[in-house]
Structures are given as C-alpha cells and as structure tokens.
Amino acid sequence: MSLLREILVQNTHDAGEIVFSQIANLLSQNQLHNIGLATGSTMLPVYKAWRASTLDFTQVNTFNLDEYLGLGAQHHQSYSYFMHEQLFNHIVFKKHFLLNGQTNTPEQECQQYEQLLNEHPLDLQLLGVGENGHIAFNEPLTAIHSTTQIADLTESTIFANSRFFKKNESVPKQALTMGIQSILNAKKIIIVMMGEKKRAAYQKLMAKKIDPKWPVSYLNQHPDVTIITDLNG
Ligand code: GLP
C-alpha cells in the first residue's frame, strides 16, 4: 500500500532545511541508526544544513546509493569525493559505506554491499531523481526486485552528467547502484524533486501507478514516502 506525503517548498534552501529537520527528528527519537544517502545537486542544500548542525551522528552508519564504475575516491567527479567534500569531512559518523567504483570485481562488490544493507536495515533513504525518472542509477525498465547491481547508463543520463566532465569520452557509461528492492527495503523514504526538469518524473510518481519505464513510480509500492517539491499544480 502506498502512502505519499507531499511537502511543498518555495526553494532549494527550504527543501534542504526540511529534509535535515526530518533527519534530526528521527535522530532525537533514537530512530536513526542507518541512513541511505544520495548525491546530485539536489542534495547540496541538505548537506549544507547538515554541516551547520552540532548534533551527534557518531552512532549512525551511512550508506550511499551509487557510484560510477571506474572512478576512484580521488576523482573529483566520483560520488565518494562528493560525499567527503559535502559531509564526511565535516560530520563524524559511526561508519560510512560507499560502493567502490574502482573494484576489479564489481559483481562481488555489489553482493557484499547488498549483504551489508541486509545486516543494517535503513531507517531512512534520501533520494533525488533523474530527469528520466531514474532513482540512484536504476534506469528505465530496471526490475522492481533488483538488488545492488551494475547499471548501464542511458544516453540521456550520460548526456545529463556530461556537464560535469571536461571531455565527453570520460563520462562514465556504467555505475554500481543499489537496486529498486534495496531502496524499497528502507523504512522511510524522502525524495526531493525540484525544478521543471523533474516535472515529468514528479507526475509519474503522483499518478500512483507502477510504470517500469519510470523507476521513480516504483515508490508507490512503499508505505512511507515523503516528497519534498516545488512542483505543484
Ligand atoms: C544522478 C544520481 C541520482 C540523482 C540524479 C539527479 O543520476 N545517480 O541519485 O538523483 O543524479 O541529480 P541532480 O540532483 O543533480 O539533478
């Protein structure tokens, strides 16, 4: 059964403040032991609000959704680099877990990560969304029962990401990503959808029907999803 809660915000700053206040709330109720984190520009205001806090996260483990295959933690476009810059260099956690994009054994890396997730059930998963409706790097037509896996990125995602790379050839074509099922296993989900580019994905989610061409619509299978958005009407 799906329960979508929607919180309308005016701007990205307010989106970040609201998301962080929900994180802080769970922490204060001792209901935050494992949190799933996302990357992307949508998350920048969330991490800004987080960095400004003095709350104690030393008993909380973090798990990131995805990583480009082939990029190491030192690469300035890797998600590991992003997370260290935005959060891990500023806030102390019990442990932060990230998929290793430089692994020589990607299948094994995915299996091990899924096992870690099973051992540390997520209390909360933060999500952004791709313009084509992907969540993490689960592209259109990814199966609902998918677990952590190697994903081939679509042309549109590669194009959307190319703005961050100097040369088009260096834009990664594959990623390691938590699957749809791994995401749906989280107790609570907060998805942030800001700006007109995300309107189609927003509408697919709000249609309250599952459409495998729009992975974001799978969230309708989850009992506790909060949408933070400026896209009403
Ligand atoms: C990438 C990430 C997603 C993220 C998306 C949106 O594809 N894998 O997790 O939601 O980018 O990025 P942005 O917030 O920059 O629009």
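Read the numbers this way: they start at 1 and go in the same order the structure lists the ligands and their atoms.
Given atom 4 (C) of ligand 1, the protein heavy atom at minimum distance is T39 O, 4.0 Å.
Close contacts between ligand 1 and D66 involve ligand atoms 2 (C), 8 (N), 9 (O) [criterion: under 4.0 Å to a heavy atom]. Those atoms of ligand 1 with a heavy atom of Y79 less than 4.0 angstrom away are 1 (C), 2 (C), 8 (N). Every atom of ligand 1 is numbered from 1 in the order shown, and the set under 4.0 Å from a heavy atom of T42 is 13 (P), 14 (O), 16 (O). Atoms of ligand 1 lying under 4.0 Å from any heavy atom of K198, numbered from 1 in the order shown and given with element: 13 (P), 14 (O), 16 (O).
F97 and F63 have parallel rings, their planes meeting at less than 30° on a 0 to 90° scale where 60° marks the start of perpendicular. By the 30° and 60° cut-offs, the orientation of the rings of F82 relative to Y79 is perpendicular. Ring planes of W50 and F93: perpendicular class, angle over 60° (limits at 30 and 60°).
The N/O atoms of G130, backbone and side chain alike, include none that comes under 3.5 Å of an N/O atom in ligand 1.
One finds the CD atom of Q149 at 12.0 Å from the CD atom of Q181 (value rounded to the nearest 0.5 Å). Atom OG of residue S182 and atom CG of residue D66 lie 11.0 Å apart, to the nearest 0.5 angstrom. Atoms CG and OG1, on L44 and T39 in that order, are 9.5 Å from each other to the nearest 0.5 Å.
Put simply, no part of M43 is less than 4.0 Å from ligand 1, judged by heavy atoms. Heavy-atom separations between A38 and ligand 1 are all 4.0 Å or longer. Taking a 4.0 Å cut-off on heavy atoms, H134 registers as neighbouring ligand 1. Ligand 1 has no atom lying under 4.0 Å from any heavy atom of T157. The closest approach between any non-hydrogen atom of R163 and ligand 1 is below 4.0 Å.
Side-chain N/O atoms of Y68 and N161 include a donor and acceptor closer than 3.5 Å.
The option with the heavy atom closest to atom 9 (O) of ligand 1, from among G40, S41, G128, A136, is A136. Considering only non-hydrogen atoms, atom 6 (C) of ligand 1 lies nearest to V129 out of T12, V129, N64, L37.
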Please evaluate residues D211 and K204 with respect to the criterion salt bridge (charged side-chain N to carboxylate O under 4.0 Å, His left out), reporting the C-alpha separation (whole Å), side-chain torsions for both, the decisive distance (0.1 Å), and the verdict. CA-CA 8 Å; D211 178 350; K204 287 290 170 181; 3.8 Å; yes
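Linking ILVMFWY residues whenever their side-chain heavy atoms come closer than 4.5 Å, directly or via other members, places L99 and L117 in the same cluster.
Contacts of L127 with ligand 1, taken as heavy-atom pairs under 4.0 Å, are absent altogether.
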